[in-house]
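Numbered from 1 within each chain, the chains take letters A, B, ... in sequence-line order.
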Amino acid sequence: MKVLAIDTSTVAASAALIQDGSLCCEYFLNDGKKHSEKIISIIDYVIKSCGLEAKDIDVFSCSIGPGSFTGLRVGASAIKGIAQALGKPITGIPTLEVLAYNLRGFKGLICPIIDAQREMVYSTLFRFEGDTLLKIKDFSAIVIDDLICRLGPYDDDIAFLGDGVFLYQNKIKNSLKNARFADVGNILPRASSVASLAIIKYKEGHLLWYNDLRLDYIRKSQAEVEYEKNHIVTIVNMKAEEIDEVVEIEGLSFNNPWSYESFDFEINKNNLSRYIVAKTDGRIAGYAGTWLVFDEMHVTNIAVHPDYRNRGIGNKLVEEIINIARESGLKRITLEVRNSNNQAICLYEKNGFKAEGFRKKYYADTGEDAIIMWKEL
Amino acid sequence: MLKIISKSLDETIRIGMDLSKHVMPGDLICLTGDLGTGKTSFTKGLGKGLGITEYITSPTYTIINEYYSGRIPLYHFDVYRLGSADEMLELGCDEYFFGNGITVLEWADNVLDILPEEKLCIIMNVGNNFDERIITMKAYGDKYKTILKEMKNSESPRN
Ligand SMILES: Nc1ncnc2c1ncn2[C@@H]1O[C@H](COP(=O)(O)OP(=O)(O)O)[C@@H](O)[C@H]1O
Ligand SMILES: [Mg+2]
């Protein structure tokens, strides 16, 4: 079987031909010029170098993103055009898998990062189990600082690769002592990895006709990019009539949600409690509950509605409770967080909270430990 | 803020050429103004100043034209036909905004929501007579403020 694959998802362009299980020719060009001007001639060169013609190829393949929108379009158009003209099947391979496949056999974790601009990267965490690539965690498009924070708990070596490394290598190196970086030959996606994965797809029967191939840009939605500009989020004290909405968010956020009665007690009877809500679009997007006990603030719960996550609302709530504590002349704030809730831990750390202890098996549902965090004011 | 009165098409082109002396890769220039106020003509001047040899045409139908023959690449957008700012993101506009060239956006107000904070906004209006244009430049961010300062200092008398 003969597979011709290309990759144009970053600044580099490459094409490779695998024939009966062996790599016959691979051409990799990273000259800073545009893909549209070179990819067809590279494909032509690779096929001819193997003594073949385009019609001899059984399957065509390209990476389908994420990556450079323009590069991906150029590559997909080229492959679709050729496959359509020859009536041959094609298969598309996700770029992050292509990158991970560059490091086949690596024993630790593999974290490809592709530049998504605005301090963001596209990333997924992988691990090889034998020859099989396992997806450990999909980060989609994520701010680089958040990614670094969320990789903090992993003890294994983490190999980084992809064009994001060119931008963030120092930052990663300084924050993660278990970070490693792919060598120059493997740092960018390679067409031979696309071809290898295409063969696996072929064996699994995942072939498409040219017009069924879809690119997967993992677009940062406008909502995430500039949400705060258009949607004013206001933070105000929670009122009794808002309990229903808050109970709903509580239920969507926690395994052991507080009941209506608990919130009713907090709002209407507990003199020590102070609850705030974040409002946007006329809805309640999130809330935070606290108790003011002597000179300390105890945070009881913070949650954001699933429709409004990843928009900085959690951060706004945390900032506001810190403000309240300061204005009330308190000395410190404490909270408990589930050991596995890395995203929340990152949020608290960003706001100056430090882990100072554990409560063993604090959470009844999973038997997980709680981390106790403190912030001195 | 810098306000310049242009008395003719040639003057508008000259002002575009003047601006080209002060721009750098990664700069974003947003043009707003009604049809026929000279947004494309201004961009032609900018392109000419960058040493672009190709003929610069309006990207109204292509949405984006790219020019590589000058000192710095020029990415010329006309987003008049776009339905939403989301469509702009779908085009992969971030690669241009944060890329190695100058991005010029005609009808920038259509996609204002997703534009980076830092940019040079140029508003074009018809003046007191048919051939007069009032060109108002507003800088958002330090590097664009510097550009306007440099433009003010080097402004040559036009008559
Ligand atoms: N002072 C001036 N500056 C720019 N264009 C002018 C001027 N006076 C007349 N014109 C005419 O106005 C038109 C501007 O067209 P164009 O640059 O395509 O505008 P836009 O891109 O804003 O729609 C041209 O036909 C040009 O000849
Ligand atoms: Mg125009």
Participant: Is the shortest side-chain heavy-atom distance between A:Thr70 and B:Tyr96 below 4.5 Å?
Facilitator: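 Yes, their side chains come closer than 4.5 Å.
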Participant: Verify the neighbour count for atom NZ of B:Lys143: are there more than 12 heavy atoms of other residues, nucleotides or ligands below 6.0 Å?
Facilitator: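 Check passes, neighbour count above 12.
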Participant: I need the minimum non-hydrogen distance between A:Ser68 and B:Glu95, along with the two atoms involved.
Facilitator: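 Scanning both residues, the minimum pair turns out to be OG-OE1, 2.8 Å.
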Participant: Any side-chain to backbone donor/acceptor pair from A:Arg118 onto B:Asp94? Under 3.5 Å, distance only.
Facilitator: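 It does not hold such a pair.
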Participant: For A:Asn211, I'd like to know if atom CG has over 12 heavy atoms of other residues, nucleotides or ligands within 6.0 Å.
Facilitator: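 Buried by this count: over 12 neighbours within 6.0 Å.
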Participant: Quick check on A:Lys38: does its NZ atom have over 12 non-hydrogen neighbours (other residues, nucleotides or ligands) under 6.0 Å away?
Facilitator: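 Result for NZ/A:Lys38: enclosed.
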Participant: Can you confirm whether more than 12 heavy atoms, excluding those of B:Asn100, are under 6.0 Å from its CG atom?
Facilitator: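 Count not over threshold, so no.
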Participant: Considering heavy atoms only, which positions within residues 49-83 of chain B lie below 4.5 Å of chain A?
Facilitator: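 From residues 49-83 of chain B, the residues near chain A are B:Glu66, B:Tyr68.
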Participant: Decide side chain to side chain contact (heavy atoms under 4.5 Å, CB included) for A:Gln117 and B:Phe97; before the verdict, give the C-alpha distance in whole Å, the side-chain angles of both, and the deciding distance to 0.1 Å.
Facilitator: CA-CA 9 Å; A:Gln117 291 91 28; B:Phe97 295 162; over 6 Å; no
